Structures are given as structure tokens and as C-alpha cells.
2 protein chains.
Amino acid sequence: MSPKLPQFDLDTYLPFRLTVIAGQLSADLSKHYKTKFGISMPEWRVLLNVGYCEDLSVRDIEKRVSLEKSKVSRAASKLQAKGLLIKHVDAHDRRLVKLTLTRDGVRLLNELIPIAQAFQADLDAKLGAMAAPLHTALDVLGEGDDG
Amino acid sequence: MSPKLPQFDLDTYLPFRLTVIAGQLSADLSKHYKTKFGISMPEWRVLLNVGYCEDLSVRDIEKRVSLEKSKVSRAASKLQAKGLLIKHVDAHDRRLVKLTLTRDGVRLLNELIPIAQAFQADLDAKLGAMAAPLHTALDVLGEGDDG
DNA sequence: TTGACATCGTTGCATATGCAACAAATACTG
DNA sequence: CAGTATTTGTTGCATATGCAACGATGTCAA
């Protein structure tokens, strides 16, 4: 270590740690999805949100998942091309594009969800009693970033 | 929510939560670095690791930071082009490329570290007593992924 | 109503990324 | 020692990404 640098502990530096670990988890999963189903991470995230939330627009997803709107837009277009969801202009505000799963979309999600659940179960098993504090901490970290 | 889908709680799904939060934190920081100093996230990570670890090769960083080796290679090249570090072939194993900060690299890191420290301090303040359990949980999550 | 302003989604474009292929060096086997 | 396999870093290329610009719509005030 260079003597001219201030004290700094890389191993407890949160932006690093979180990025690395999130990257590992996502890479793990992404390989399952991409290889077996031809679904990219952004597509997977959009799919999941559309499946589990009422009547989402592109913008809603952007906010919920902190995914660039262009990323959401393109992911949605690809999913539509694959016949997994439909984009349709909202009747009340024609700027909004709402997303709805097709039957095939629902079907695919029904295959993917168990994989996600199994993964989550593994993590929870590993974490044990630490799961709850972890979520609490993540809640706190997620709070302040908007304002 | 579609009735044909199994129960699934998006809000406690860890791969999601971690990715979103890590992304928010990194985006926050990245803006500081990129705007003010022209440093990208990968460059920043490499810089930091070279500064705070002895005698790292590209491979070492790839492992430590779980950053693709091509990403490390290119980030290192850019940093070298900016005069912030030097790549040199290791004498004992000439496949290895070791990285060393230049004086300018050290100087820049001396400007950047306080920003990182302040950011970390903010997070720690927010977390309070939750910081320790968080790190413990992250340790656990980081463990099993290699094997 | 009109006109200035804000919001939403898409797209063009420069850049970043991931992956596979590759050359150079080393390790291993007999 | 020769010959094969493994490791390491770089690069080419197809694709993904971020950002700004844009068109379309909606909001608001006068």
C-alpha cells in the first residue's frame, strides 16, 4: 500500500460490497434465464414487475426498479416482439404506455418464478436470522436516495 | 395482479433489492467521479484497488472486484493513458501485468478518497446500529458464490 | 382559448460491455 | 528435452447501455 494515501478500508466500503454481491447474485441468475429462456436481466425485471403489479406504465417501472426509461422501453419492446406482453396506450392519459402480460407471458413467468423462489429460499437458508436485519438495513439505505 | 401466478413477493426478493440499491449508490457516486474527474466506475474501482493493495495484477483485480478481465484491462489502459498508473510485466511470471499508481494517480486518489469516506460516513450514520448486522449478512451472501 | 411549460416514451448515436478467440508465457507429463 | 495443457491479458465484434433530443400529449395560467 502506498504510504501517501489516507486510511481507507476497501472491505467495508458499502458501495463496493453491495455492487459486487449484487453483481454475483444477478450474474448467477441471469445465466439461468438467458441460457434457458433467452431473457436478459432487464427483460426479466420488467416481466416480473408487470406480472406482479397492477397496470404499470413504463414510467412506473422506471421508478420502481430504478431502470433507465430507455432500458425499460427497449426491454418492453423485445418482450412484446417475443409475444410475452403487450404495450397499449392508456385511455386516460395518452402519454402513458401500459404493459400487460400475454398468456404466453404468464406461462413463462410460471416457469421462471419457481427458479427465483428456489434461489431466494437458498439465500434465506444461508442468512437464517440475519435475513430480517438485512432487509431493515436495505430499507434504510433505500430511503434517502430520492431526495 | 394476474390470478394465474404463484405467490411471490417482489419487495423482499434479494437479487432485486440488492441490485437496485447498489445501483442507486453507485450511480450517485459515479456522477461525482465522472463529472468532476472524468473517471468511470470501473476505472474508479481499479484505481482504488491498486492504491490499497500490494502489487496487483489484472487477474487479481478481476477476482477481488468481480470485474470482467476485459473490463479491468481496458480500465487499466485508460488509466495509464491518463497517466494515473503504469502497467508493467511481472519479472517472475511474464504473463502477469502488474499495476502501479503514478504520482498523479496517488494525487488523484487523495482527492477522491475523502469523497468516498464522506459517503461512507453518511451511510454509516443512516445505518447506525444496523451497519454491523448488514456487513455480517453481506459476508454470508458473498461466501457461497464461488463454489 | 391560447401559449408556455411539464411529462412520457422512443430513438439516434457515441460509448461501454460481454464473450470468444487469440498470442504469449508457464506448468505439467513422460 | 519435446509436446500438450493451462493461465494470463488483449482485442474484435456483436450487442447493450446512457444520454440527449425529439414528438406527442397533458397541465396550467392568463
Side-chain angles (χ1 to χ4, degrees), chain A residues 19-20 22-24 26-35 38-46 49-50 55-82 85-100, chain B residues 19-20 22-24 26-35 38-46 49-50 55-82 85-100:
Chain A
T19 302
V20 170
Q24 288 171 346
S26 294
D28 253 16
L29 272 174
S30 148
K31 274 169 191 167
H32 289 207
Y33 298 152
K34 202 166 187 179
T35 304
I39 295 291
S40 74
M41 263 285 299
E43 284 167 43
W44 163 238
R45 291 211 228 165
V46 169
N49 276 275
V50 173
D55 213 32
L56 290 179
S57 70
V58 169
R59 178 99 226 287
D60 296 328
I61 297 187
E62 180 186 8
K63 277 190 177 168
R64 266 188 68 80
V65 201
S66 83
L67 212 56
E68 283 258 354
K69 63 181 177 174
S70 62
K71 231 173 177 174
V72 176
S73 174
R74 291 193 250 239
S77 294
K78 286 179 190 171
L79 290 170
Q80 187 172 37
K82 292 173 187 172
L85 60 72
I86 294 175
K87 295 175 163 183
H88 45 91
V89 172
D90 183 272
H92 298 295
D93 185 342
R94 294 172 56 198
R95 291 171 303 181
L96 301 181
V97 173
K98 296 297 183 76
L99 305 177
T100 317
Chain B
T19 302
V20 170
Q24 288 171 346
S26 294
D28 253 16
L29 271 174
S30 148
K31 274 167 193 170
H32 288 207
Y33 297 153
K34 202 166 188 176
T35 304
I39 294 292
S40 73
M41 262 286 297
E43 284 167 42
W44 163 237
R45 291 212 228 165
V46 168
N49 275 274
V50 172
D55 212 30
L56 291 180
S57 70
V58 170
R59 177 99 225 286
D60 295 328
I61 296 185
E62 179 186 7
K63 278 190 176 168
R64 267 188 68 82
V65 200
S66 83
L67 211 57
E68 284 258 353
K69 64 181 178 175
S70 63
K71 230 172 177 176
V72 176
S73 174
R74 290 193 250 239
S77 294
K78 285 178 190 172
L79 291 170
Q80 187 173 37
K82 292 173 188 172
L85 59 72
I86 294 175
K87 295 176 163 184
H88 45 90
V89 173
D90 183 272
H92 298 294
D93 183 343
R94 295 171 55 196
R95 291 171 302 183
L96 302 179
V97 172
K98 296 298 184 73
L99 306 177
T100 316

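All values reported here derive from a predicted model rather than from experimental measurement. Heavy atoms only: backbone and side chains are in, while hydrogens, waters and symmetry mates are out. Each chain gets a letter, A, B and so on, in the order the sequences are listed, and its residues count up from 1.
Among residue pairs with one or both ends in residues 67-80 of chain B, those qualifying as side chain to side chain donor-acceptor pair (under 3.5 Å) are B/S77-B/K87; sequence neighbours excluded.
We find that CH2 of B/W44 is positioned 19 Å from P of C/dA16, with the value rounded to whole Å. For A/K71 and C/dA16, the NZ to C1' distance is 11 Å, given to the nearest whole Å. If you measure from atom CZ of A/R45 to atom C1' of D/dT17, you get 13 Å, rounded to the nearest angstrom. Between A/L67 atom CG and D/dG18 atom C1' there is a gap of 12 Å when expressed in whole angstrom units. One atom, CZ of B/R94, and another, C1' of C/dA27, lie 16 Å apart when rounded to the nearest Å. Regarding B/E68, its CD atom lies at a distance of 14 Å from the C1' atom of D/dT11, rounded to whole Å.
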> Does the side chain to side chain contact (heavy atoms under 4.5 Å, CB included) test come out yes or no for B/R95 and B/R59, once each step is laid out?
Replying inline: CA-CA 10 Å; B/R95 291 171 302 183; B/R59 177 99 225 286; over 6 Å; no
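Expressed to the nearest 0.5 Å, how far CG of A/L79 lies from CG of A/L99 amounts to 9.0 Å. Atoms CG and CG, on B/L85 and B/L56 in that order, are 11.0 Å from each other to the nearest 0.5 Å.
Partner A/K98 forms a salt bridge (charged side-chain N to carboxylate O under 4.0 Å, His left out) with one of A/D93, A/D60, A/D55 and no other, that one being A/D55.
Taking for each of A/K78 and A/D90 the nucleotide of DNA chain D with the nearest heavy atom, the 5'-most of the two is the partner of A/K78. Mapping A/P42 and A/H92 onto DNA chain D by nearest heavy atom places A/P42 closer to the 5' end of the strand.
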> What does nucleotides 4-13 of chain C look like as a protein-contact string, B for base, S for sugar-phosphate only, - for none, at under 4.0 angstrom between heavy atoms?
Replying inline: ---BSBBBBB
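Listed by chain and number, the residues in a salt bridge (Lys or Arg N to Asp or Glu O under 4.0 Å) with B/R64 are A/D11 (sequence neighbours excluded).
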